[in-house]
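Starting from 1, each residue takes its place in the sequence as its number.
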Amino acid sequence: MCNDYRLTVDVASIVGDFADLKIKIRFGEGTPNLQAREDIKITDVAPIIRTIEGVGGEGDMVQRRWSWPGPNKRPVYNFRSEGREFSSNRCLIVADGFYEFTDPIDPNKKRKDKWLFTKNDEPIFCIAGIWRDTPEVGEAFTMLTMEPGPDIAPYHDRQIVILDRSAWADWLDPSVSAKSLIKALPLSTLQVEQVG
């Protein structure tokens with residue numbers, strides 16, 4: 001499952017994409033200084049957009065750690081979505097690409113093959129997430145996962161929940177059923193490129 005993703009666009013571009021959907025982005029902790037990053041890894045700090053309690057059509061962009069320590073002290077960076085509603089602490093994780101790794105096609109290669117997934121015709125996309133406040137690391141987020149859709153199934157037996165743009169505002173509204181928003185994207189929604 002996803003343990004590495006990419007975000008190379010700036011804050012103004014993100015705000016513009018959300019404005020196109022009539023979602024206003026607030027900066028409760030100030031506008032973050034986002035640097036283009038090819039690899040955002042587990043325990044890194046990255047931007048998320050959180051629900052603002054009692055306010056519809058808006059989200060709060062903050063930077064938080066990706067993963068919190070689980071009961072076994074291993075990082076919880078992916079979280080199964082099946083059968084859950086997530087009626088609080090929802091967030092959107094902004095990305096423009098994510099990676100999956102497979103056994104190498106070349107038998108002489110020591111490292112796994114690295115595949116970059118991007119969304120066709122969209123500069124950014126949002127991954128459904130939740131956040132939690134923990135005594136060990138403070139507030140942190142994780143990515144929700146589901147059964148793989150047709151573009152990801154050849155590479156992995158699970159996938160992160162990539163929300164359709166039309167669902168971004170609804171994900172920020174905890175009164176909307178999470179189960180109604182979590183669904184696989186149609187075939188050929190994602191582009192796949194081997195990058196390592």
Side-chain angles (χ1 to χ4, degrees), residues 1-18 20-21 25 32-49 61 63-67 74-81 91-131 140-168 171 181-196:
M1 278 176 298
C2 187
N3 61 12
D4 188 3
Y5 72 102
R6 185 181 84 173
L7 182 61
T8 58
V9 300
D10 60 18
V11 170
S13 299
I14 295 169
V15 169
D17 268 28
F18 275 80
D20 290 346
L21 298 170
I25 300 297
N33 181 15
L34 300 184
Q35 295 180 341
R37 293 192 286 172
E38 290 291 328
D39 291 278
I40 299 172
K41 298 182 184 277
I42 298 164
T43 74
D44 284 352
V45 171
I48 60 172
I49 297 167
M61 182 184 282
Q63 296 217 75
R64 294 293 183 264
R65 173 188 150 125
W66 178 18
S67 77
R74 286 190 294 212
V76 178
Y77 58 94
N78 289 158
F79 197 89
R80 286 182 174 265
S81 66
C91 65
L92 296 169
I93 303 156
V94 184
D96 61 14
F98 68 95
Y99 304 98
E100 292 294 351
F101 298 84
T102 60
D103 289 331
I105 297 168
D106 177 354
N108 297 320
K109 186 176 173 189
K110 291 192 180 358
R111 299 186 108 160
K112 290 191 172 216
D113 289 340
K114 184 177 184 179
W115 304 90
L116 171 64
F117 292 79
T118 54
K119 200 149 183 239
N120 285 323
D121 305 321
E122 293 184 15
I124 62 169
F125 55 86
C126 285
I127 302 158
I130 55 172
W131 64 273
F141 70 90
T142 189
M143 297 179 175
L144 299 185
T145 65
M146 60 185 282
E147 292 291 318
D151 290 334
I152 298 174
Y155 302 90
H156 207 288
D157 62 353
R158 301 278 302 160
Q159 76 161 69
I160 53 176
V161 175
I162 301 168
L163 295 167
D164 188 86
R165 270 178 185 250
S166 63
W168 292 2
W171 187 256
L181 304 175
I182 295 173
K183 51 187 92 165
L185 298 171
L187 180 66
S188 300
T189 303
L190 299 173
Q191 286 185 339
V192 187
E193 173 188 1
Q194 186 171 357
V195 293

Subject >> Closest heavy-atom pair and its distance - Pro104, Lys109 >> reply: CG-O, 3.6 Å
Subject >> Nearest heavy-atom neighbours spanning Tyr5 and Val94 >> reply: CE1-O, 3.7 Å
**OP:** Check for a donor-acceptor pair, side chain of Thr142 on one end and backbone N or O of Val76 on the other, with a separation under 3.5 Å.
**Re:** yes
Original post:
When rounded to the nearest 0.5 angstrom, what distance separates CG in Leu7 from CG in Asp96?
Top reply: 5.5 Å
Which pairs of donor and acceptor atoms, one on a side chain in residues 33-40, lie under 3.5 Å apart (sequence neighbours left out)?
unit_1, atom_1, unit_2, atom_2, d
Arg37, NH1, Val45, O, 3.2
Arg37, NH2, Val45, O, 2.6
Asp39, OD1, Lys114, NZ, 2.9

Original post:
Can you list every pair that meets side-chain hydrogen bond (donor to acceptor under 3.5 Å, both in side chains) and has a residue in residues 117-128, with sequence neighbours left out?
Top reply: Lys119-Glu122, Asn120-Gln191, Glu122-Arg165
Original post:
If you measure from CZ on Arg6 to CG on Leu116, what distance do you get to the nearest 0.5 Å?
Top reply: 5.0 Å
**OP:** Provide the closest heavy-atom pair for Pro148 versus Asp157 in the form atom of the first, atom of the second, distance.
**Re:** CD-O, 3.1 Å
Original post:
Could you go step by step and tell me if Asp151 and Leu185 meet the side-chain contact (heavy atoms from CB on, under 4.5 Å) rule?
Top reply: CA-CA 8 Å; Asp151 290 334; Leu185 298 171; 5.6 Å; no
**OP:** Quick one: list whatever passes side chain to side chain donor-acceptor pair (under 3.5 Å) with Glu193, sequence neighbours left out.
**Re:** none
Subject >> Side-chain heavy-atom pair Ile93, Trp66 within 4.5 angstrom cut-off >> reply: no
Subject >> Side-chain touch Tyr77/Asp4, heavy atoms, less than 4.5 angstrom >> reply: no
Original post:
Hey, does Met146 have a side-chain heavy atom less than 4.5 Å from the side chain of Ser81?
Top reply: yes
Original post:
Once you round to the nearest 0.5 Å, how far does CD1 of Ile127 lie from OG1 of Thr145?
Top reply: 12.0 Å
Original post:
With a 4.5 Å limit on heavy-atom distance, are the side chains of Leu144 and Trp171 in contact?
Top reply: yes
**OP:** Could you pull out the closest heavy-atom pair between Phe141 and Ala46, with the gap in Å?
**Re:** CE2-O, 4.0 Å
**OP:** Start with the C-alpha distance between Asp44 and Arg65, add both sets of side-chain angles, then the distance that settles salt bridge (Lys or Arg N to Asp or Glu O under 4.0 Å), and finish with yes or no.
**Re:** CA-CA 6 Å; Asp44 284 352; Arg65 173 188 150 125; over 6 Å; no
**OP:** Look at the aromatic rings of Phe117 and Phe98 and report parallel, tilted or perpendicular, splitting at 30° and 60°.
**Re:** parallel
**OP:** Might you point out which heavy atoms bring Ser67 and Ile42 nearest each other, and give the distance in Å?
**Re:** OG-CG2, 3.5 Å
Original post:
Which is it for Asp103 and Lys112 under the side-chain contact (heavy atoms from CB on, under 4.5 Å) test, yes or no, and what are the steps along the way?
Top reply: CA-CA 5 Å; Asp103 289 331; Lys112 290 191 172 216; 3.7 Å; yes
Original post:
Residues two or more places apart in sequence or in another chain: which of them pass side chain to side chain donor-acceptor pair (under 3.5 Å) with Ser13?
Top reply: Asp10
**OP:** Taking all non-hydrogen atoms of both residues into account, name the closest pair between Pro123 and Asp17 and its distance.
**Re:** CG-OD2, 3.5 Å
Original post:
Between Trp115 and Val195, is there a donor-acceptor pair closer than 3.5 Å when you use the side chain of the first and the backbone of the second?
Top reply: no
**OP:** Output yes when a side-chain donor or acceptor of Asn78 lies under 3.5 Å from a complementary backbone atom of Cys2, and no otherwise.
**Re:** yes
**OP:** Walk me through it: do Ile162 and Leu190 pass the test side-chain contact (heavy atoms from CB on, under 4.5 Å)?
**Re:** CA-CA 10 Å; Ile162 301 168; Leu190 299 173; 4.2 Å; yes
**OP:** Determine yes or no for a side-chain-to-main-chain donor-acceptor pair under 3.5 angstrom, with Gln159 supplying the side chain and Gly149 the backbone.
**Re:** yes
**OP:** Tell me, please, which residues at least two apart from Ser188 pass side chain to side chain donor-acceptor pair (under 3.5 Å).
**Re:** none
Subject >> Straight-line distance of Gln63 CD to Ile48 CD1, nearest 0.5 Å >> reply: 9.5 Å
**OP:** I would like to know whether Trp168 and Ile49 meet side-chain contact (heavy atoms from CB on, under 4.5 Å); could you show each step before the answer?
**Re:** CA-CA 10 Å; Trp168 292 2; Ile49 297 167; over 6 Å; no
Original post:
Can you list the residues that meet the side chain to side chain donor-acceptor pair (under 3.5 Å) rule with Trp131, with sequence neighbours excluded?
Top reply: none
Original post:
In Å and rounded to the nearest 0.5 Å, what is the CG to CD1 distance from Asp113 to Ile105?
Top reply: 5.0 Å
